[in-house]
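The structure is given below, and queries will be raised subsequently.
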There are 2 protein chains.
Amino acid sequence: MTRPVGDPSFEDLTARARIRDAAIRLFAERGMDGTTVRDITQAAGVSPGLLRHHFGSKEALREECDTYVLDRMIEIKQELVFDGKLANPAALPSIHPTILLYYKYVTQALLDGSRSAASMFDDMVALTEQWIAKNAPDVSEDHRAYAAVMVGMQSGMLAMHNHVSRALGVDVFTAEGHLRMAGALADFYSHPLLDPELVTKARRAMDALRSSIPPTAAGDDPAAEGA
Amino acid sequence: MTRPVGDPSFEDLTARARIRDAAIRLFAERGMDGTTVRDITQAAGVSPGLLRHHFGSKEALREECDTYVLDRMIEIKQELVFDGKLANPAALPSIHPTILLYYKYVTQALLDGSRSAASMFDDMVALTEQWIAKNAPDVSEDHRAYAAVMVGMQSGMLAMHNHVSRALGVDVFTAEGHLRMAGALADFYSHPLLDPELVTKARRAMDALRSSIPPTAAGDDPAAEGA
DNA sequence: GGTCGTACTATACCGGCGTATAGTCCGCTG
DNA sequence: CAGCGGACTATACGCCGGTATAGTACGACC
């Protein structure tokens, strides 16, 4: 009831920090819209008014959580790189369990339309594109699309974490589940699944289609939804 | 204002069908929680009460939309396979633009926690697992995880469609954008990105970690959120 | 032609939401 | 000790969500 705090550093168990931490956890779990101000303050053990007093609004709190989580993430990663504790980022969560929560948070933030998370996404795409250009330029002719798809798939898989977890029988946001997922991911990256010839044949068919498609398409187009 | 209908088959422009179609479009666009009953009925050009009259509740409407979309999807795919119009499912959207809307819908349904969509996900994982066991058993030792990750990545990437689209400069839910995405995806499947030796080395490090991890982990664990 | 069922509207209800405001407690400073 | 400011609570306001209900228009059937 009265908020079980784990191991907060001493000067950080102020009510303000408790609200922020509760918000991060709840935003990560249920998303921004799925979390009410009252949920947060109840989890933090304070009154709803205090949230407004400290943060002004729910939106402002969200932005503060965004920057906080993002800062902490790069902080943790740099720290680990400094200590040289690991070469493989996939193994990171098993060392620093809090980062799994942050992964979850950022994933949700992407779905919720957070601008900070979106720009982080863009940064990752840019970095991936550079990495490909330098280390594996032959994997695709369209480096940009390749990078975007890769980042989108990785973050998207986390967005589907409950379904993936259900299929796996393990929560991918636990160290154990995350490792299993990372293992499959490694296989994915290292072994070609499809025959390249078959793919180029398919691509040729796609190219043929591309020229012959009607200009209209679905999506947010208000027309063109048939029965 | 009064609902621009595209090309509904005649007996299907009943108000009931209009409500369903509007709901499908709005659910796909904004998700279940982001769409209000009044939004739907306004888009369908009817009064809010009529939704309740025909469907009973918003939740019941959602379920009907779910089954409708899923049925239509397999119907369309079977039809296309029957006609032999294509061998490559990635090119499908350019032929049948409505299916892009359905893709979007199912993706959102997965995020919204729809049971029908979840069981569709499970089916796809099972099918993928079988396919791998038969056609590419050497890509991984953990066929289940590989299949789950693969399906999760594909559907998840669509969940991140706005971010991927932003990075690409094209909406991936248009025929043009979808083709570009599919192209990158094909590269992804056909060319190994990482050196297998490097991966097996990383995997060995992961195995070492797996035995030495603390039993606790983040996620929905109420404790263990540090400062 | 009366009645009955169905499609449909108008409007009200109730709860939960984010937010605003008034007020209390309390440690610090002059 | 007076008072002042920040942390914090209690409570209320306005809005909007899904839902419920009463009522209307109209075609079908006996």
Side-chain angles (χ1 to χ4, degrees), chain A residues 1-3 5 8-27 29-66 108-109 112-115 227, chain B residues 1-3 5 8-66 108-109 111-115 227:
Chain A
M1 186 112 321
T2 53
R3 211 60 261 308
V5 271
S9 61
F10 267 86
E11 59 175 22
D12 210 9
L13 39 65
T14 70
R16 191 174 197 281
R18 288 211 311 277
I19 294 174
R20 173 178 34 69
D21 288 350
I24 289 172
R25 198 163 48 88
L26 289 173
F27 285 162
E29 206 65 43
R30 315 178 195 170
M32 168 91 173
D33 292 343
T35 305
T36 73
V37 167
R38 288 166 177 82
D39 286 342
I40 299 169
T41 53
Q42 186 182 347
V46 297
S47 84
L50 192 60
L51 189 150
R52 175 169 170 76
H53 173 67
H54 278 304
F55 298 94
S57 74
K58 188 188 182 185
E59 179 59 28
L61 169 61
R62 189 261 280 268
E63 282 174 20
E64 180 150 337
C65 290
D66 280 0
Q108 263 299 336
D112 287 341
S114 148
R115 264 183 301 154
Chain B
M1 186 109 321
T2 52
R3 208 66 263 306
V5 272
S9 61
F10 266 85
E11 59 176 20
D12 210 8
L13 40 65
T14 68
R16 191 174 198 281
R18 287 212 312 278
I19 294 174
R20 172 177 37 68
D21 288 351
I24 289 173
R25 197 163 48 87
L26 288 172
F27 285 162
E29 206 65 43
R30 315 178 196 173
M32 168 90 173
D33 293 343
T35 306
T36 73
V37 166
R38 288 166 176 83
D39 286 341
I40 299 169
T41 53
Q42 187 181 348
V46 298
S47 83
L50 192 59
L51 189 150
R52 174 169 170 77
H53 174 67
H54 279 304
F55 298 94
S57 75
K58 188 187 182 186
E59 178 60 29
L61 168 62
R62 189 261 281 266
E63 282 173 21
E64 179 149 337
C65 290
D66 280 358
Q108 263 298 337
L111 294 178
D112 288 341
S114 148
R115 265 183 300 155

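So that the names make sense, note that chain A is the first sequence line, chain B the second, and so on, each numbered from 1.
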Candidates C:dT9, D:dG18, D:dC8 - which lies nearest the side chain of B:K58: D:dG18

Separation of C:dC8 P from B:R18 CZ (nearest whole Å): 8 Å

Value in whole Å for how far the P atom of C:dT6 lies from CZ of B:R16: 14 Å

Carboxylate-amine/guanidinium proximity below 4.0 Å for A:D39 and A:R30: yes

Test: B:R62 cationic atom under 6.0 Å from B:F55 six-membered ring centre, within 45° of axis: no

B:H54 side chain near C:dT6 phosphate (N/O to OP1/OP2, under 4.0 Å): no

Separation of atom CG in B:L51 from atom P in C:dT9, rounded to whole Å: 11 Å

Whichever of B:A15 and A:T35 has its nearest DNA chain C nucleotide further upstream toward 5': B:A15

CA sep, side-chain torsions, deciding dist, call: B:I40, B:T35, side chain to side chain contact (heavy atoms under 4.5 Å, CB included): CA-CA 7 Å; B:I40 299 169; B:T35 306; 3.6 Å; yes

Side-chain N or O of A:R52 closer than 4.0 Å to phosphate OP1/OP2 of C:dG18: no

Closest non-hydrogen atom pair between A:R18 and A:V46, with its separation: NH2-CG1, 3.6 Å

Interatomic distance, A:E59 CD vs C:dG18 P [rounded to whole Å]: 12 Å

Atom pair distance, as rounded to whole Å: CD in B:Q42 and C1' in C:dT9: 15 Å

Distance below 4.0 Å between A:H53 side-chain N/O and D:dA7 OP1 or OP2: yes

B:L26 CG to D:dG18 P, straight-line distance once rounded to whole Å: 12 Å

Nearest to side-chain heavy atoms of B:L50, which nucleotide of D:dT9, D:dT19, C:dT9: C:dT9

d(CD1, A:I40; P, C:dT19) in whole Å: 10 Å

Between OG1 on residue B:T41 and NE2 on residue B:H54, distance to nearest 0.5 Å: 12.0 Å

Distance-only donor-acceptor test, A:R38 side-chain atoms vs C:dG16 base atoms, 3.5 Å: no

Gap between atoms CZ and P, on A:F55 and C:dG18 respectively (whole Å): 15 Å

